[in-house]
Amino acid sequence: MLDIQLLRKDLANVAQRLASRGVTLDTARIEALEAERKNIQTRTQDLQARRNQLSKQIGMAKGKGEDASALMNEVSGLSDALKAGEDRLAGIQEDLAGVLMNIPNLPHESVPVGKDEHDNQEVRRVGIPREFAYPPLDHVDIGENLELLDLPTATKIASSRFALMRGSLARLHRALAQFMLDTHTQEHGYEEVYVPYLVNAESMRGTGQLPKFEEDLFKLSNGMYLIPTAEVPVTNIVRDEIIPAENLPIKLVAHTPCFRSEAGSYGRDTRGMIRQHQFDKVEMVQFVRPEDSYAALEELTGHAEAILQKLDLPYRVMALCSGDIGFSAAKTYDLEVWLPAQNTYREISSCSNFEAFQARRMQARYRDSKGRPELIHTINGSGLAVGRTLVAILENYQNPDGSVTIPQVLRPYMGGLTQLAKE
RNA sequence: GGAGACGUGGCCGAGUGGUCGAAGGCACACCCCUGCUAAGGGUGCAUCCGGGCAAAACCUGGAUCCAGGGUUCGAAUCCCUGCGUCUCCGCCA
């Protein structure tokens with residue numbers, strides 16, 4: 001959520017900056033709502049002040065045993081106008097809140113201006129894709145040939161876009177999550193947290209999934225939602241909190257399943273494990289002072305990269321352009337891992353600075369040096385998406401005989417196993 | 001799931017219809033006093049949103065005593081619903 005003060009003072013500038021995201025702000029509507037709000041609010045508050053004043057006088061009169069009926073009549077005369085004003089004000093403020101909740105974050109000045117993903121800028125490329133003497137198989141063929149991946153059975157049990165893994169592949173999946181958590185907690189200074197996988201609507205509003213993106217979520221019959229990312233429960237830890245300044249920065253990491261309905265993605269990535277309704281992810285979240293947030297974004301992105309480097313997977317870092325960054329983000333780096341079968345880089349992590357956008361929705365604050373509550377900045381990023389990392393390992397570490405070499409750093413988590421082979 | 005109790009400021013805790021945004025205490029900050037040790041005195045100390053104002057300070061109005069409705073001239077206080085906590089019982093990994 002943007003600062004309402006900013007919209008009041010500098011609406012044209014806000015509209016201009018949003019235009020770089022391809023968003024058109026209805027400035028006329030906002031100005032009209034604001035003008036009406038100001039008018040009604042001032043009038044209503046005057047009436048409230050009058051009522052409070054008179055009611056106090058009634059109390060005083062009654063306390064002295066005097067007759068207060070004249071005063072009471074006067075207040076009664078106010079009540080219709082007061083009720084009307086309060087209702088009208090509540091209505092306008094609801095409208096304004098609705099508008100505000102649907103306005104995306106402003107892109108940071110360092111974000112390249114562009115229309116869609118084609119305008120994203122490559123920041124750096126790390127690792128060299130391996131040369132294959134034969135056409136590399138994709139992860140589905142590799143997994144199915146080893147009889148460790150069974151997508152048809154997952155479809156029978158649930159539906160398409162779910163996976164069933166067996167044996168050493170299931171273990172490798174688990175090993176990856178363990179390895180990522182251990183790296184972030186032991187080398188990068190994060191505290192591991194275990195969080196609910198179901199959250200309420202308030203939490204979804206806090207991080208920006210609601211009200212705009214309800215169709216992407218799985219909603220339960222009791223009104224709760226399955227989390228689409230650990231970002232939601234982890235970030236909402238600080239909702240409605242005032243954090244002592246000395247506790248910042250706070251760095252948390254969680255491994256959770258993620259559930260996405262992927263509405264509107266039908267026909268995209270229908271093959272394999274790239275786009276699933278359920279996948280595991282290790283997520284890093286940082287709560288920082290505003291002045292530290294861009295340095296923290298670079299740091300956190302580096303933490304995600306460290307996983308790819310330890311796994312020796314080739315990747316590149318993309319700075320998303322203004323038209324491609326997510327609703328809540330001010331700046332985003334995507335990490336894209338090399339997938340030989342697709343002969344391309346595919347997103348495996350997304351690291352963003354939300355500045356105060358989420359904090360304002362959540363009322364997550366800290367006390368600044370003057371002791372005043374100030375909104376924190378929130379940063380998060382995948383470190384990494386476990387399913388896609390598994391896909392990348394299968395494809396990059398495949399051997400001509402159909403086996404898959406297990407990366408060195410994962411072997412301790414695999415009981416010393418060096419390769420996936422038919423069992 | 002059943003029965004009962006409860007939900008007040010950073011914390012504890014008073015307040016059961018009226019000069020209550022809320023006594024008192026603790027914690028915290030500053031000042032004074034004291035040449036000795038967790039001594040005494042004073043002051044300040046919730047959040048959000050308006051207006052004065054373009055901003056800081058300041059002044060001023062409104063809202064908030066779990067949340068949402070209701071009764072009333074007036075609600076922390078009464079009523080309803082929801083949520084949460086605690087105790088006992090049941091069930092359960």
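Every chain is numbered from 1, with letters handed out A, B, ... down the list of sequences.
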message: Counting the atoms with a prime plus P, OP1 and OP2 as sugar-phosphate, which does A/Leu54 contact under 4.0 Å by heavy atoms, base, sugar-phosphate, or nothing?
response: nothing

Euclidean distance for P, B/C20 against B/G62 (whole angstrom): 15 Å

- request: Sort out the partner of B/G24 for me: Watson-Crick or G-U wobble, both distances under 3.5 Å, none otherwise.
  value: B/C12

statement: Regarding the side chain of A/Ser55, the nearest nucleotide among B/G62, B/G51, B/G18 is B/G18

query: A/Gln41 has an atom CD; how far is it from atom C1' of B/C48, in whole Å?
result: 11 Å

- prompt: Does the B/G61 base have a donor-acceptor partner in the side chain of A/Gln45 within less than 3.5 Å?
  reply: yes

query: Want to settle it: does A/Ile4 or A/Ala49 sit nearer the 5' end of RNA chain B, counting the closest nucleotide to each?
result: A/Ile4

task: Could you give the distance separating B/U19 and B/U64 at their P atoms, to the nearest angstrom?
output: 15 Å

Distance, C1' atom - from B/C65 to B/A22, rounded to whole angstrom: 8 Å

query: Can you tell me how far P of B/A55 sits from CG of A/Asp10, to the nearest Å?
result: 12 Å

Euclidean distance for C1', B/G10 against B/A27 (whole angstrom): 8 Å

message: At 4.0 Å (heavy atoms only), tell me whether A/Lys62 reaches a base, stays on the sugar-phosphate, or touches nothing.
response: base

- request: For nucleotides B/C28 and B/C36, find the distance between their C1' atoms and express it as a whole number of Å.
  value: 25 Å

- prompt: Which heavy atom of A/Pro211 sits nearest a heavy atom of A/Arg361, and at what distance?
  reply: CD-NH1, 4.3 Å

- request: Establish, with yes or no, whether the OP1 or OP2 oxygen of B/G62 is under 4.0 angstrom from a side-chain nitrogen or oxygen of A/Arg43.
  value: no

- request: Identify which one of A/Glu336, A/Arg346, A/Gln309 satisfies the side chain to side chain donor-acceptor pair (under 3.5 Å) criterion when paired with A/Tyr315.
  value: A/Gln309

message: Among A/His303, A/Lys251, A/His184, which residue satisfies the side chain to side chain donor-acceptor pair (under 3.5 Å) criterion with A/Tyr190?
response: A/His303

task: Output the single nucleotide from B/C48, B/A63, B/U19 whose closest atom is nearest the side chain of A/Lys56.
output: B/U19

- prompt: Taking CD from A/Gln363 and C1' from B/A63, how many angstroms apart are they, rounded to a whole number?
  reply: 14 Å

message: If only side-chain N and O atoms count, and only distance matters, is there a donor-acceptor pair under 3.5 Å linking A/Glu241 with A/Gln363?
response: no

query: Looking at the rings of A/His277 and A/Phe218, which for Trp means the six-membered one, are their centres under 6.0 Å apart?
result: yes

message: I want to check one thing: is the phosphate of B/A63, taken as OP1 and OP2, less than 4.0 Å away from some side-chain N or O of A/Asn52?
response: yes

field: Spacing of A/Leu82 atom CG relative to B/A63 atom C1', expressed in whole Å
entry: 13 Å

task: Write down the partner of B/G84 under the Watson-Crick or G-U wobble criteria, each distance required to be under 3.5 Å.
output: B/C6

field: Separation of atom CG in A/Asp240 from atom P in B/A46, rounded to whole Å
entry: 19 Å

- line: Heavy-atom nearest pair, A/Pro107 first then A/Arg21, reads CG-CG, 3.6 Å

task: Using the P atom as the reference point in each nucleotide, state the distance between B/A67 and B/U77 in Å, no decimals.
output: 11 Å

query: If you measure from the C1' atom in B/C26 to the same atom in B/G9, how many Å do you get, rounded?
result: 13 Å

message: Taking the basic N atoms (NZ, or NE/NH1/NH2) and the acidic carboxylate oxygens, is any pair closer than 4.0 Å for A/Arg50 and A/Glu74?
response: yes

message: Using a heavy-atom cut-off of 4.0 Å across all strands, would you classify A/Arg360 as base, sugar-phosphate, or nothing?
response: nothing

message: With a 4.0 Å cutoff (strictly under), does any side-chain N or O of A/Lys38 reach OP1 or OP2 of B/G51?
response: yes

field: Identity of whatever pairs with B/G90 - Watson-Crick or G-U, under 3.5 angstrom
entry: none

- prompt: Taking the side chain of A/Met72 as heavy atoms from C-beta outward, which of B/A54, B/C73, B/U19 is closest to it?
  reply: B/C73

task: Pick the P atom in B/G18 and in B/G13, then give their distance to the nearest Å.
output: 24 Å

query: With sugar-phosphate meaning primed atoms plus P, OP1 and OP2, does A/Gln5 contact a base, only sugar-phosphate, or nothing at under 4.0 Å between heavy atoms?
result: sugar-phosphate

- prompt: Rounded to whole angstroms, how far apart are CG on A/Leu375 and C1' on B/U47?
  reply: 13 Å

message: Checking base pairs now: Watson-Crick or wobble, both atom distances under 3.5 Å. What partners B/G40?
response: B/C32

message: Let's see if you can work this out: which of B/C73, B/C48, B/G61 has an atom nearest to the side-chain heavy atoms of A/Pro373?
response: B/C48

task: Using a heavy-atom cut-off of under 4.0 Å over every strand shown, decide if A/Asp46 touches base, sugar-phosphate, or nothing.
output: nothing

- request: Using heavy atoms to find the nearest nucleotide of RNA chain B for A/Arg365 and A/Thr42 separately, return the residue whose nucleotide is more 5′.
  value: A/Arg365

